[in-house]
Amino acid sequence: MVFLLISLVVLHLLSLAMLVIATLEKTWWVWTESEVSNLWHYCMYDNATEAWLCSAINKSDWLQSIQALMVFSVVFSSISFLVFLGQLFTMSRGSLFYITGLCQAFAGFADFAACLISTFHRKEIFDDSRVLNKGHFGYCFVLAWLCVPLLLVSGVLYIHLRKKQ
């Protein structure tokens, strides 16, 4: 039981860290090594100053929905962890972690929706002079997709986890 509990906490913290990185880092869409875009900014690397120059990305409705869903996902996963810690120390013996599991599953569904929107509506999101065929999804997009099964599996495991002692 202790091994399952520790494994679940590690899985939760790992998925939360991956989710935060996927939401905040700057490689959601990559045109070249020196030209990237994330959910918040378009960035170019300036060789003269050896720094990233970032500007606000054009706000489309699809992009705003992705931003909101990713933030909701981070918030609900964080709330889920805090509720789990509270339930772990206050819940009676034999009870299930329903609230924790539902919050974590909701975080997984929000992340899934954000990834789907980004996959199918990238032309509307990155609608500018650059050609999308010359770019590809970056590692933050991949991290977001990897978080989906981790969040959903941990949510289901929390729902089935029973407090023993």
Side-chain angles (χ1 to χ4, degrees), residues 1-30 36-43 52 54-57 59-122 124-126 136-165:
M1 180 63 187
V2 173
F3 178 72
L4 177 64
L5 191 62
I6 291 171
S7 300
L8 195 53
V9 168
V10 168
L11 176 65
H12 191 136
L13 292 176
L14 177 71
S15 62
L16 182 60
M18 288 171 52
L19 196 59
V20 169
I21 291 169
T23 303
L24 298 178
E25 269 298 306
K26 65 176 169 261
T27 55
W28 196 268
W29 183 264
V30 178
V36 296
S37 183
N38 69 354
L39 299 177
W40 314 98
H41 296 98
Y42 165 75
C43 299
W52 286 95
C54 297
S55 62
I57 196 166
K59 298 278 184 180
S60 71
D61 292 338
W62 292 114
L63 180 63
Q64 288 178 347
S65 64
I66 293 170
Q67 290 171 342
L69 286 167
M70 290 301 289
V71 168
F72 281 148
S73 185
V74 169
V75 167
F76 273 99
S77 185
S78 300
I79 288 171
S80 174
F81 187 70
L82 294 175
V83 167
F84 169 71
L85 290 178
Q87 286 180 330
L88 189 62
F89 295 113
T90 61
M91 196 167 59
S92 63
R93 217 172 151 203
S95 299
L96 298 172
F97 295 92
Y98 283 126
I99 297 171
T100 303
L102 291 175
C103 284
Q104 190 74 347
F106 185 74
F109 288 127
D111 184 31
F112 179 67
C115 290
L116 277 180
I117 292 169
S118 181
T119 301
F120 293 117
H121 294 285
R122 68 180 178 271
E124 292 91 355
I125 294 168
F126 301 111
H136 61 279
F137 286 109
Y139 78 90
C140 290
F141 177 77
V142 174
L143 275 179
W145 270 113
L146 288 175
C147 284
V148 171
L150 293 178
L151 291 168
L152 293 176
V153 164
S154 64
V156 169
L157 287 175
Y158 276 127
I159 290 172
H160 290 295
L161 184 65
R162 185 177 302 274
K163 184 174 177 182
K164 296 280 184 178
Q165 294 181 5

Which atom of Ser65 lies closest to which atom of Ile117, heavy atoms considered = OG-CD1, 3.8 Å

Shortest non-hydrogen separation from Ser73 to Asp111 and the atoms involved = OG-CB, 3.6 Å

Residues two or more places apart in sequence or in another chain: which of them pass side chain to side chain donor-acceptor pair (under 3.5 Å) with Tyr98?
-> none

From Cys140 SG over to Glu25 CD, what is the distance, rounded to the nearest 0.5 angstrom?
-> 5.5 Å

Measure the spacing between OG of Ser118 and CG of Leu69 and express it to the nearest 0.5 Å.
-> 11.0 Å

Do other residues, nucleotides or ligands put more than 12 heavy atoms under 6.0 Å from Ile99 CD1?
-> no

Qualifying residues under side chain to side chain contact (heavy atoms under 4.5 Å, CB included), relative to Ser15, sequence neighbours excluded | Gln104, Leu150, Leu151

Should the pair His121 and Trp62 be assigned to parallel (<30°), tilted (30 to 60°) or perpendicular (>60°) ring geometry?
-> parallel

Given Leu5 and Leu88, is the side chain to side chain contact (heavy atoms under 4.5 Å, CB included) satisfied, shown in steps?
-> CA-CA 10 Å; Leu5 191 62; Leu88 189 62; 4.0 Å; yes

Looking only at non-hydrogen atoms, find the nearest pair between Leu11 and Ser154 and report the distance.
-> CD2-CB, 3.7 Å

Can you list the steps and then say if Phe137 with Trp29 is a ring-ring contact (aromatic ring centres under 6.0 Å, His included)?
-> CA-CA 5 Å; Phe137 286 109; Trp29 183 264; 4.9 Å; yes

Keeping the roles fixed (side chain from Trp40, backbone from Gln67), state whether a donor-acceptor pair exists under 3.5 Å.
-> no

Classify the ring geometry between Phe106 and Phe76 as parallel (under 30°), tilted (30 to 60°) or perpendicular (over 60°).
-> perpendicular

Nearest heavy-atom neighbours spanning Leu19 and Ser77 = CD2-CB, 4.3 Å

About how many Å separate CG of Leu102 and CD1 of Ile159, when rounded to the nearest 0.5 Å?
-> 4.5 Å

CG of Leu16 to OG of Ser80: how many Å apart, nearest 0.5 Å?
-> 9.0 Å

Distance (rounded to the nearest 0.5 Å) between His12 NE2 and Tyr158 OH | 5.0 Å

Test of ring centre spacing under 6.0 Å for Tyr139 and Trp28 | no

Atom CG of Leu85 and atom OG1 of Thr90: how far apart are they, to the nearest 0.5 Å?
-> 10.5 Å

Of all the heavy-atom pairs spanning Cys115 and Thr119, show the shortest one and how long it is.
-> O-OG1, 2.7 Å

Sequence neighbours excluded, the answer for side chain to side chain donor-acceptor pair (under 3.5 Å) partners of Gln64 is none

Taking everything shown except Phe141 itself, do over 12 heavy atoms lie less than 6.0 Å from its CZ?
-> yes

Nearest heavy-atom approach of Leu143 to Ala22 is CB-CB, 4.0 Å

